[in-house]
S.K.: 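Here it is: the structure, laid out below.
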Amino acid sequence: MSPFNPTPNADPLWIELGARRYPIAFGAWNAASASSALALVVTNEVVAPLYAARLQEVLKRQHRLVDVLVLPDGEVHKSWPSVSLILDRLLELGADRHAVVYALGGGVVGDLAGFAAAIYMRGLAFVQVPTTLLAQVDSSVGGKTGFNHARGKNLIGAFHQPQAVWIDLQTLATLPDREYRAGLAEMVKYGPIADPAFFDWLEREADALNARDPAILSVAVRRSCEIKAAVVAADEHEGGLRAVLNLGHTFGHALEAGLGYGELLHGEAVAMGMVMAAQASVDALGCDPALLRRLQALLARLGLSTVAPRLGADRFIALMMGDKKNQGGAIRYVLLEGMGRPVLAKLPHALALQAIAAHSVAQ
Ligand SMILES: NC(=O)c1ccc[n+]([C@@H]2O[C@H](COP(=O)([O-])OP(=O)(O)OC[C@H]3O[C@@H](n4cnc5c(N)ncnc54)[C@H](O)[C@@H]3O)[C@@H](O)[C@H]2O)c1
Ligand SMILES: O=C(O)C(=O)C[C@@H](O)[C@H](O)[C@H](O)COP(=O)(O)O
Ligand SMILES: [Zn+2]
């Protein structure tokens, strides 16, 4: 992975997957990579009035027909019925295997549209057009698609890489504050799992990030994509290394499912989960407690709570028992031996519960 360079750079970033590669493009949307076939823009009721017309205008230069499907909004709709709506629309349009799906929205739209593209006629090309910070720094890159189940987050899905990712930071201008901060959590994640220098820089630039400074944001979004692209290129289907991108998620996904999808935003749950993982790393691996303190301080400065709502111990463990990283019935957590030194490890339930209790609201 290239060393962190805190200089704004709008050149396309390429993610290399063996013989395949695709661009992560920054700036105004450009349809140069599209085909002349049918295009279906999948978006939701919040994003559609803001950006669908703009994207349609860009796509009309390349596609004979551009249709738009507006899904209901929210994590609670990251479910099979939403996927079914996409598939039904593609069939109604008579889409053949050359049709292209465009996911215009945040991670929920991207995961749903990407999964529908993965299974329609055994696979359509799709383009990620992320409009939340979280989608721009994480979900639009790497090809994880799918939806939630009552038993847990993202339990149904497929790896299906986009043909391109189009990141226009201008779309963040309309993003609500809480959603923006949720994206900062996934950005912070890249420090402990891969890049201590990036974490140091995030600490220095926290005020600028809170102010949504465009130059600082462009550096932070690009670095996040660089790190994610490097991890995915090394382990596309999560045979090992890619699990590091899951820091905080074993705990975080249990919080999301246990409290009811949408109660906590994904990024909020990840922030809480990362602190629990750092606590467990101190308790179980002898990780320097200064890392935990720095992580708590940075997340708090970025307006993210590091104390989770209480979820019963049995419920917490039961939900984590369904995590996709688990092996042989044992929960596997992403922990930290130090800053930039992640490790996939099992924990006695007692230690996991100790970390949870230390960072949950008092009974
Ligand atoms: N596939 C992956 O690799 C991956 C990675 C991280 C997260 N995820 C998934 O992503 C989801 C979270 O994504 P998210 O945080 O983007 O949430 P989201 O998709 O729910 O979007 C957040 C909210 O902002 C609205 N919105 C989107 N863009 C906007 C804009 N420009 N202006 C105003 N409002 C806008 C949305 O309609 C929604 O109400 C979770 O389901 C999580 O599991 C997937
Ligand atoms: O891309 C990955 O790999 C990640 O783990 C990124 C996470 O931020 C993201 O939330 C992902 O959807 C979680 O993966 P999952 O396999 O636990 O669903
Ligand atoms: Zn995540």
Side-chain angles (χ1 to χ4, degrees), residues 43-52 54 70-79 82 103-115 128-149 152-162 165 168-190 193 224 227-229 231-232 235-239 241-254 256-257 261-262 264-271 273-274 320 322-326 332 334:
T43 185
N44 72 26
E45 56 201 341
V46 170
V47 176
L50 295 169
Y51 300 108
R54 185 189 307 182
V70 179
L71 295 175
D73 178 46
E75 184 75 29
V76 72
H77 293 294
K78 188 174 163 181
S79 59
S82 295
L104 174 66
V108 169
V109 161
D111 284 8
L112 289 168
F115 183 66
Q128 288 274 19
V129 188
T131 61
T132 66
L133 181 61
L134 189 142
Q136 292 179 357
V137 303
D138 193 347
S139 62
S140 61
V141 176
K144 277 191 177 179
T145 73
F147 57 91
N148 301 327
H149 186 279
K153 276 283 291 186
N154 304 332
L155 290 185
I156 317 297
F159 288 99
H160 186 53
Q161 298 295 339
V165 181
D168 182 351
L169 291 173
Q170 300 287 334
T171 60
L172 301 182
T174 53
L175 191 65
D177 185 66
R178 189 180 171 199
E179 299 294 350
Y180 175 78
R181 296 189 184 287
L184 292 173
E186 299 271 26
M187 181 190 290
V188 167
K189 178 183 74 177
Y190 293 114
I193 67 169
S224 300
I227 293 170
K228 179 151 190 187
V231 171
V232 173
D235 179 21
E236 182 183 354
H237 297 109
E238 199 174 328
L241 173 71
R242 182 168 181 168
V244 303
L245 295 170
N246 229 237
L247 174 68
H249 285 63
T250 308
F251 297 104
H253 278 170
E256 289 185 79
Y261 295 123
L264 284 176
L265 302 184
H266 176 68
E268 293 170 339
V270 169
M274 285 196 287
M320 293 196 294
D323 191 273
K324 299 184 292 298
K325 300 188 297 298
N326 294 352
R332 297 200 300 169
V334 181

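Please read all numbers here as calculations on a predicted model, not as lab measurements. Numbering of ligands and ligand atoms starts at 1, following listing order. Side chains included, hydrogens not; waters and symmetry mates left out as well; all remaining heavy atoms used.
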S.K.: Which protein non-hydrogen atom lies closest to atom 18 (P) of ligand 1, naming both residue and atom, and how far is it?
M.R.: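 Scanning the protein heavy atoms, the shortest distance from atom 18 (P) of ligand 1 goes to Val108 CG2, 4.0 Å.
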S.K.: Taking salt bridge (Lys or Arg N to Asp or Glu O under 4.0 Å) as the test, write out the residues that go with Asp73, two or more places apart.
M.R.: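 Result, salt bridge (Lys or Arg N to Asp or Glu O under 4.0 Å) vs Asp73: none returned.
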S.K.: Have Lys144 and Asn154 got a donor and an acceptor in their side chains that come within less than 3.5 Å?
M.R.: no
S.K.: May I ask you to check whether Arg242 has an N/O atom sitting below 3.5 Å from an N/O atom of ligand 1?
M.R.: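 No; the residue has no nitrogen or oxygen that sits under 3.5 Å from a nitrogen or oxygen of the ligand.
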S.K.: Given Leu155, Asn154, Leu241, Thr250, which has its nearest heavy atom closest to atom 18 (O) of ligand 2?
M.R.: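 When every heavy atom of Leu155, Asn154, Leu241, Thr250 is considered, Asn154 comes closest to atom 18 (O) of ligand 2.
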S.K.: So, Tyr261 and Ser79: side-chain donor and acceptor under 3.5 Å apart, yes or no?
M.R.: no
S.K.: How far is atom 36 (C) of ligand 1 from the closest protein heavy atom, and which atom is that?
M.R.: Asp73 OD1, 3.5 Å
S.K.: Which bit of Thr131 gets closer than 4.0 Å to ligand 1, counting heavy atoms only: side chain, backbone, both or neither?
M.R.: both
S.K.: Counting heavy atoms only, which part of Asp138 comes closer than 4.0 Å to ligand 2: side chain, backbone, both or neither?
M.R.: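 Just the side chain.
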S.K.: Quick one: which ligand 1 atoms are inside 4.0 Å of a heavy atom on Glu186?
M.R.: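 Counting from 1, the qualifying ligand atoms are 6 (C).
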S.K.: Side chains of Tyr190 and Leu245: does their closest heavy-atom pair fall under 4.5 Å?
M.R.: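 In contact.
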S.K.: For the Zn ion (ligand 3), how many protein N, O or S atoms lie at less than 2.8 Å?
M.R.: 3
